[in-house]
J.: 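A single structure is presented below for examination.
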2 protein chains.
Amino acid sequence: MPETTPLWHPEVSEISLDKVLAALSDPYRRRVVLDLAASEGTPLRCAGFPIPLAKATRTHHFRVLREAGLIHQVDHGNGRTNTLRRDDMDRRFPGLLAAIVAAGPE
Amino acid sequence: MPETTPLWHPEVSEISLDKVLAALSDPYRRRVVLDLAASEGTPLRCAGFPIPLAKATRTHHFRVLREAGLIHQVDHGNGRTNTLRRDDMDRRFPGLLAAIVAAGPE
DNA sequence: CGCAAGGTACGATAAATTTCGTACCTTAGG
DNA sequence: CCTAAGGTACGAAATTTATCGTACCTTGCG
């Protein structure tokens with residue numbers, strides 16, 4: 001058995017601004033992005049984020065972020081780890097994440 | 001009678017990133033923002049934008065942009081003119097509009 | 001092994017968004 | 001004055017999104 005289960009992630013070239021902005025328009029999801037940005041590339045577990053919602057809903061939000069191309073997820077069977085796709089985003093939409101991070105949690 | 005009818009616009013301080021990003025996540029609305037950015041402050045009429053939708057729907061999109069704080073609208077009875085709230089946005093979320101404009105229509 | 005922790009998938013419900021038709025309003029211009 | 005052009009407001013339908021409960025799966029650990 002593989003150590004990790006495959007998860008779909010968009011290629012850099014297919015990351016759409018529509019989906020990225022829609023993903024970032026939610027405060028919980030933006031919070032995740034902010035925390036990941038602060039972690040400087042260190043993977044963070046889903047369970048570690050302060051999102052006061054049901055498990056199924058958390059799964060939903062992380063999927064939105066992943067399918068938008070904002071985060072990279074690795075499945076470990078129990079627990080998943082997340083990293084921000086900083087370089088990919090900077091290549092695709094230069095300055096966007098910087099502006100979002102600078103804005104803070106609001 | 002006043003020459004213009006008042007329209008509600010958010011104060012700079014009450015512009016929310018949630019609403020701004022949600023507004024920008026629609027391609028038609030982002031197109032409007034792009035065109036206004038290119039007009040360099042020259043007001044543009046609603047009717048001038050290439051949005052192939054019913055009139056009522058166009059009204060809806062312009063309202064979303066206005067209430068998010070992205071554009072300033074002036075009513076002239078027939079016709080409205082729109083300008084991008086460039087300075088306000090730059091003050092509130094530095095770098096955000098620049099990144100959006102740089103990304104282009106996608 | 002057997003259980004707890006972390007997470008998913010499915011299905012349902014609720015809420016928000018998008019789109020439109022219709023009726024109506026306002027100004028410009030003949 | 002009368003009409004056309006640009007837009008709104010209201011209400012409705014269709015679509016999307018957010019939220020959750022429940023059942024289930026996987027790994028770590030005692």
J.: In terms of side-chain heavy atoms of Asp26(B), which of dA9(C), dA28(C), dT18(C) is nearest?
T.: dT18(C)

J.: Kindly point out which of dG28(D), dT8(C), dA9(D) is positioned nearest to the side chain of Asn78(A)?
T.: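 Within the option list, the nearest is dG28(D).
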
J.: Roughly how many Å is it from CZ in Phe62(A) to C1' in dT19(D), rounded to a whole number?
T.: 16 Å

J.: For Arg58(B), what residues pass the salt bridge (charged side-chain N to carboxylate O under 4.0 Å, His left out) criterion, not counting sequence neighbours?
T.: none

J.: Would you mind reading off the distance between His76(B) atom NE2 and dC25(C) atom C1', rounded to a whole angstrom?
T.: 16 Å

J.: Could you state the NZ-P distance from Lys19(A) to dT16(D), rounded to the nearest angstrom?
T.: 11 Å

J.: Between atom CG in Leu21(B) and atom P in dA16(C), what is the gap in whole Å?
T.: 19 Å

J.: By side chain to side chain contact (heavy atoms under 4.5 Å, CB included), which residues pair with Pro50(A), not counting sequence neighbours?
T.: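 If we apply the side chain to side chain contact (heavy atoms under 4.5 Å, CB included) test to Pro50(A), skipping adjacent residues, the hits are Arg31(A), Asp35(A).
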
J.: I'd like to check the side chain to side chain contact (heavy atoms under 4.5 Å, CB included) partners of Arg66(A); sequence neighbours left out, ordered by chain and number.
T.: Leu7(A), Trp8(A), His9(A), Arg63(A), Ile71(A), Gln73(A), Arg80(A)

J.: Check whether the ring centres of Tyr28(B) and Phe49(B) lie less than 6.0 Å apart, and answer yes or no.
T.: no

J.: Going by the rule salt bridge (charged side-chain N to carboxylate O under 4.0 Å, His left out), which residues pair with Glu67(A) if we only count those two or more places apart in sequence or in a different chain?
T.: none

J.: For Asp75(A) and dC24(D), what is the distance between atoms CG and C1' respectively, to the nearest whole Å?
T.: 14 Å

J.: Can you name the side chain to side chain contact (heavy atoms under 4.5 Å, CB included) partners of Thr59(A), sequence neighbours left out?
T.: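 By the side chain to side chain contact (heavy atoms under 4.5 Å, CB included) rule, Thr59(A) matches no residue at all.
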
J.: If I take atom CZ in residue Phe49(B) and atom P in nucleotide dG7(D), what distance separates them, rounded to the nearest angstrom?
T.: 10 Å

J.: Considering residues at least two apart in sequence or located in another chain, which fulfil the side chain to side chain contact (heavy atoms under 4.5 Å, CB included) criterion with Ser25(A)?
T.: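 Side chain to side chain contact (heavy atoms under 4.5 Å, CB included) list for Ser25(A), sorted by chain: Leu21(B), Ala22(B).
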
J.: Does a side chain donor of either His61(A) or Arg29(A) reach within less than 3.5 Å of an acceptor in the other side chain?
T.: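 There is such a pair between these side chains.
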
J.: Could you check how far CD of Glu67(A) sits from P of dT16(D), rounded to whole Å?
T.: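 One finds 14 Å between P of dT16(D) and CD of Glu67(A), rounded.
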
J.: Taking CZ from Arg63(B) and C1' from dT18(C), how many angstroms apart are they, rounded to a whole number?
T.: 12 Å

J.: Counting only non-hydrogen atoms, which of residues 41-48 of chain B are less than 4.0 Å from DNA chain D?
T.: Arg45(B), Cys46(B), Ala47(B)

J.: Identify, with sequence neighbours excluded, every residue that meets side chain to side chain donor-acceptor pair (under 3.5 Å) alongside Asn78(B).
T.: none

J.: Under 4.0 Å between a side-chain N/O of Arg80(B) and OP1 or OP2 of dT8(D), yes or no?
T.: yes

J.: Which parts of residues 50-61 of chain B get close to DNA chain C, meaning a heavy atom less than 4.0 angstrom away?
T.: Leu53(B), Ala54(B), Ala56(B), Thr57(B), His60(B), His61(B)

